[in-house]
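Notes to accompany the following structure.
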Amino acid sequence: MVKTDFIPLDYDNFDFNGKNYIRMIGRNSKGKSLCVIDTCQVYLWAVLKSPLALSKEKINSLIEKIKKIQLDIKGRKTKVENVEIHEKKFLGRSVKALKIFATNYKDLHGIASELDFKEIECRRGHDLGFVTHYIIEKKISPLNWYEISGEFAGAEFQGIENLDVDSCIVLESSKEIPLEKAPNFKPKVLSYDIETDGIKIGEGEILMVSLSGEKFKKVITWKKSESVSNRRVGNKKAVLDYVEYVKDEAELIEKFVESVKEFSPDFLVGYFSDGFDLPYLRARAQKLGVPLALGIDGSQPRFSRSGVRGGFTAKISGVVHIDILKFIQTAYSQYMQSETLSLKEVSKEFLGDTKKDFKIEHSSKIQTSKHWEEYYEYCLQDSFLTLGLFEKMWQDLLGFTHVIQEPIFDISRNGMSSNVEDFLIHNLERFNEIPEKRPTHDEIGSRRQREKYVGAFVFEPIPGLYENISVFDFTSFWPSIIVTFNLSKSTLLKQKEKNSVEAEVLDKKVYFTKTPGFFPELLKEIVLKRKQYKKELAQSKTQDAIKKARSNAYKLLANASYGYMGFFGARYYCPEASGAATAISRRFIKETIDKIDHAGYKTIYSDTDSIALLMNKRKESQILKFLEKLNSDLPGIMELELEGFFKRGIWVTKRAGGIGAKKKYALIDKKGKLKIRGFETVRRDWCPLARQVQNNIIRQVLEDGNEKQSLKYVKEIVKKIKQRGVDKKDLIIKTMLQKPLDEYKAISPHVIAARKMKDLGLPSSVGSLIEYYISEPAGVRGMKKALVRDRVKLPGEPGEYDIDYYLEHQILPAVENIFQVFDVNIKEVLDGKRQTTLGDF
DNA sequence: GAGCTCTTCTTACC
DNA sequence: ACTGGTAAGAAGAGCTC
């Protein structure tokens, strides 16, 4: 009998003698690596039809029939091992359900299809996956500490003796160690990055691979210039001591595997490594006939297509492979400043550090040793940054894993809807709930065709410059509504009951019970967590990007639960509930606006959960008191808070129609800090010049309260453009290619640019940012007949920029609505000037 | 072919 | 296909006279 503490990091399953086993890989507090083998009962639920028609005898005879079920699936004998009857809940409803135990989890589907009895309403719980089922059943959750005991695994499991771990234990009992007594877990992390000739997977050669860990850095390469190899003569190694030379690409791969094994990381981390580094390594290893035996059992990485957008996920047995880009995408990207999720931008935002300046060239063009050394450094820096990002995000990965309780491999890759769902699935037992099934292909099809329900309310602002503005917003608006009004699939009523919640969705009334459902109850826990992190963020003195990110990550998880109910792929899909949430949201925001206006303030803008109001000479303390009063009228966990006080704000007209534009405004606080929303300044599909000019003007106007300075400034800029004094890089327009080139019906400028790139053999796949500028039309200047797309040129293409295009389609549209607020028609002002200059000629 | 509206597409806001 | 709806705005597509 062995006893030890244990933290599971990775979960895998295998079959042995027809039964399912779990293999957990983790560590103990002494840092030894452990493999823990366990098994659990597998079963599915058969929910019985309304109990009234079912006598005890009927149920017993049904059970007897079910017990006789035997199957032979692909030579695997499986049968119903036992049947029990339980009082359960299904979608909040009390039901009698049969717990049907079977030999092998994989056969539950087969068993389910044999359960064709009229007494059975539905079959559930067989589509969770064995790992999820195991975690629920045995309550051994990833990244939690346990006191475990068992026996050392002998030869009874084939191949187990070849596992590269310190010991292997067959689990007998386990006990969770409470958080306050749990050992500290510091993961062993190794990051990696490869450099290749050619972007297409496996097409070129791998030139080098870098590895970064704590007190560890290495670049393995077989590429060097003659002068470099000369330096190795005698005792002297390469100038950069972390560079390890090998003889060829095959040996590079071998050395890489060896180095990873030697370091023995818990986490092997890459950046876009599911989509690039690991598939590339695999392709080259295959081609060269070298095994990429990274797994602790000597296995190669397993790729599956279950990932997002047809991409791959790459799993290494016993080592948790993390593609940190995927986690950034789901957990942080919405709130990030970076315009792309390139390692360069992201590391700058989170680490303040960035990639080395280096122009990647084909290896044949790299001749000098200095040039190669720069390349090594560049490669090392990339894995160094990747490591830094993982370390920054570790707390959130840990937090998410604890809350959601799925293995971190999945947590780090799944979208928010899966995270919400996994969180629900792992907490159903507390409510005695049987899990709902995944929608079928057909259900998804019809759900996707459903009519859109009405969303949030957006206030039409009156364009103008305003002074002394307060902004209120509802904290966790959607979750607070869902929790307060108990909205969910399981609380939806078929018809009105007395004392039920009522809302109108698509001209139909929907009703929800007030008996708390598991979905709103669980959501409440997330909201509270988010509240705690937000408080910690507010209390921290330092500007900590990751604290902010964490707070936002929980906000995302909470907010996603609203979207989740309207998402066609959800188990707990309920558009009535999301629709009711938006209906209720509109009611509350409008009521609050009314109260604000009746109290002698004036609402100038509102979008979804926030309201901007004029303070009308009242003091901040009075505003806060008023806010308290508004709060005292709010039900449940709904809460209105102060977003901030602002010195000035500007709202502009729409380009067409002359009415106030929604989702476009700018505010300045007393410290001079700007908050700009929706303006071209924040849009990446406008050229940098237009964005900078608009940003400067917004700042000046909000600081000064008038347009005088800005007018001068714009005139200067216009002059500079006309004199061709603008740097081309400030005129580059970036647009993302959202689908394959040939799927575009409308041939817009960025499609033309992407075609040009394709013709030049440049990579332009779905998701890449296409860059271009608009050049002077061929022929006479001023001839405006040509379509914009006919004047598109790639940044590298020689040509002059089109003065008229940049004036009339970039600079003017970006500034004219702002000047209009001051009754200045900037077009006329500039035209007037232009006419005089023309007259001068 | 000028001038208009409609459609497609991208990106923002919350 | 991988949370929801609301909205602005550019440019091409397509229509009418």
Side-chain angles (χ1 to χ4, degrees), chain A residues 306-311 326 329-330 334-335 339 413-421 438-439 441 444-445 447-448 450-460 473-474 476-478 482 555-570 572-575 577-579 581-583 585-586 589 605-610 643 652-657 659-665 675-686 733-739 743-752 769-770 774 785 787-792 805 808-810 813-814 817:
Chain A
S306 58
V308 187
R309 263 165 272 242
K326 286 201 171 146
Q329 226 157 16
T330 48
Q334 279 199 3
Y335 294 93
E339 276 169 24
R413 285 172 175 78
N414 284 344
M416 273 300 168
S417 70
S418 303
N419 284 339
V420 169
E421 191 158 284
R438 281 210 195 91
H441 189 269
I444 290 178
R447 286 177 181 188
R448 291 186 65 193
R450 79 161 157 81
E451 197 182 336
K452 275 191 176 181
Y453 53 82
V454 185
F457 170 73
V458 189
F459 189 97
E460 188 192 300
D473 59 26
F474 282 95
S476 306
F477 198 40
W478 299 118
I482 292 166
K555 179 183 176 172
L556 227 54
L557 192 61
N559 276 348
S561 53
Y562 150 73
Y564 170 81
M565 292 198 292
F567 167 51
F568 52 78
Y572 295 100
Y573 177 71
C574 186
S578 336
T582 61
S585 84
R586 295 191 297 273
I589 202 91
Y605 185 63
S606 166
D607 185 348
T608 311
D609 60 351
S610 72
E643 215 274 320
V652 299
T653 58
K654 281 208 281 188
R655 201 85 76 219
I659 56 168
K662 298 171 176 180
K663 299 184 187 288
K664 244 184 136 171
Y665 61 91
K675 181 175 173 172
I676 301 177
R677 293 288 120 101
F679 274 108
E680 285 74 6
T681 301
V682 300
R683 296 183 60 95
R684 69 169 179 205
D685 56 350
W686 282 68
I733 298 166
K734 298 175 186 172
T735 313
M736 190 187 278
L737 204 62
Q738 301 267 33
K739 51 186 176 186
E743 279 177 31
Y744 279 93
K745 283 184 198 165
I747 308 306
S748 47
H750 82 292
V751 175
I752 292 293
L769 265 194
I770 306 298
I774 304 304
K785 290 291 144 59
L787 293 172
V788 175
R789 67 177 175 208
D790 295 330
R791 287 172 280 153
V792 164
Y805 176 83
E808 279 160 41
H809 291 270
Q810 291 282 325
N817 292 344

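Every chain is numbered from 1 and lettered A, B, ... according to where its sequence line falls, protein lines coming before strand lines. Model, not experiment: these values are computed from the prediction. FYI, side chains are in, hydrogens and waters are out, and symmetry mates aren't considered; it's all heavy atoms of this structure.
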### Task
Name all residues meeting the side chain to side chain contact (heavy atoms under 4.5 Å, CB included) criterion together with A:Glu743; count only those two or more places apart in sequence or in a different chain, and write none if there are none.
A:Lys739, A:Pro740
### Query
Got a sec, which residues hit side chain to side chain donor-acceptor pair (under 3.5 Å) with A:Glu339, two or more places apart in sequence or on another chain?
A:Arg691
### Query
Bend across the helix from B:dG1-C:dC17 to B:dC14-C:dG4, to 10°, with axes taken over 5 pairs at each end?
10°
#### Entry: Contact pattern, 5' to 3', of nucleotides 7-14 of chain B - B, S or - by protein heavy atom under 4.0 Å
-SSBBSBS
### Query
Looking only at side-chain N and O atoms, does A:Tyr805 come under 4.0 Å of OP1 or OP2 in C:dA10?
no
### Task
Classify the nucleic acid contact of A:Phe477 as base, sugar-phosphate or nothing, counting any heavy atom under 4.0 Å across all strands shown.
nothing
#### Entry: With A:Asp790 via salt bridge (charged side-chain N to carboxylate O under 4.0 Å, His left out) - residues at least two apart
none
### Message
For A:Lys675, is the NZ atom crowded, meaning more than 12 foreign heavy atoms sit under 6.0 Å from it?
### Response
yes
### Query
Mind checking whether A:Tyr665 and A:Tyr605 have parallel, tilted or perpendicular rings, split at 30° and 60°?
tilted
#### Entry: Whole-Å distance separating the OH atom of A:Tyr562 from the P atom of C:dG4
9 Å
### Interatomic distance where CD1 belongs to A:Ile659 and C1' belongs to C:dA7 [whole Å]
11 Å
### Query
Once you round it to whole Å, what is the distance between C1' of C:dG5 and CD1 of A:Ile589?
15 Å
### Distance in angstrom units between A:Phe457 CZ and C:dT6 C1', rounded
12 Å
### Summary
Separation of C:dT6 atom P from A:Lys452 atom NZ, nearest Å, is 7 Å
### Query
Which is true for A:Gly563 with a 4.0 Å heavy-atom rule: it touches a base, it touches only sugar-phosphate, or it touches nothing?
base
#### Entry: Nearest-Å distance for atom pair NE2/C1', residues A:His441 and C:dC2
14 Å
### Query
If you check the A:Val788 side chain, which of C:dG5, C:dG9, C:dA11 turns out closest?
C:dA11
### Message
Closest-nucleotide mapping onto DNA chain C: is A:Arg450 or A:Ile444 further toward the 5' terminus? I mean the 5' end.
### Response
A:Ile444
### Message
With a cut-off of less than 4.0 Å, is there a side-chain N or O of A:Arg448 near OP1 or OP2 of C:dG4?
### Response
no
### Query
Who are the side chain to side chain donor-acceptor pair (under 3.5 Å) partners of A:Lys663, not counting sequence neighbours?
A:Asp607
### Task
May I ask you to evaluate whether A:His809 reaches the phosphate of C:dA11, defined as a side-chain N or O under 4.0 Å from OP1 or OP2?
yes
### Query
C:dC2 C1' sits how many Å from A:Phe567 CZ, rounded?
4 Å
### Summary
Residue pair A:Gly569/A:Tyr453 against DNA chain C: nearer the 5' end by closest nucleotide is A:Gly569
### Task
Kindly write out the residues that satisfy salt bridge (charged side-chain N to carboxylate O under 4.0 Å, His left out) with A:Lys452, not counting sequence neighbours, or none if the list is empty.
none
### Query
Who pairs with A:Ser606 by side chain to side chain contact (heavy atoms under 4.5 Å, CB included), at least two apart in sequence or on another chain?
A:Phe457, A:Phe459, A:Ile589, A:Ile593, A:Ile611
### Task
Would you indicate what A:Gly566 reaches in the nucleic acid, counting non-hydrogen atoms under 4.0 angstrom: base, sugar-phosphate, or nothing?
sugar-phosphate
### Summary
Taking every heavy atom of A:Pro749 against every heavy atom of A:Val792, the minimum-distance pair comes out as CB-CG2, 3.6 Å
### Query
Taking atom P of C:dG9 as reference, at what distance in whole Å does atom CD of A:Glu680 sit?
7 Å
### Task
Check side chain to side chain donor-acceptor pair (under 3.5 Å) between A:Thr681 and all other residues, then give those that pass, not counting sequence neighbours.
A:Gln694
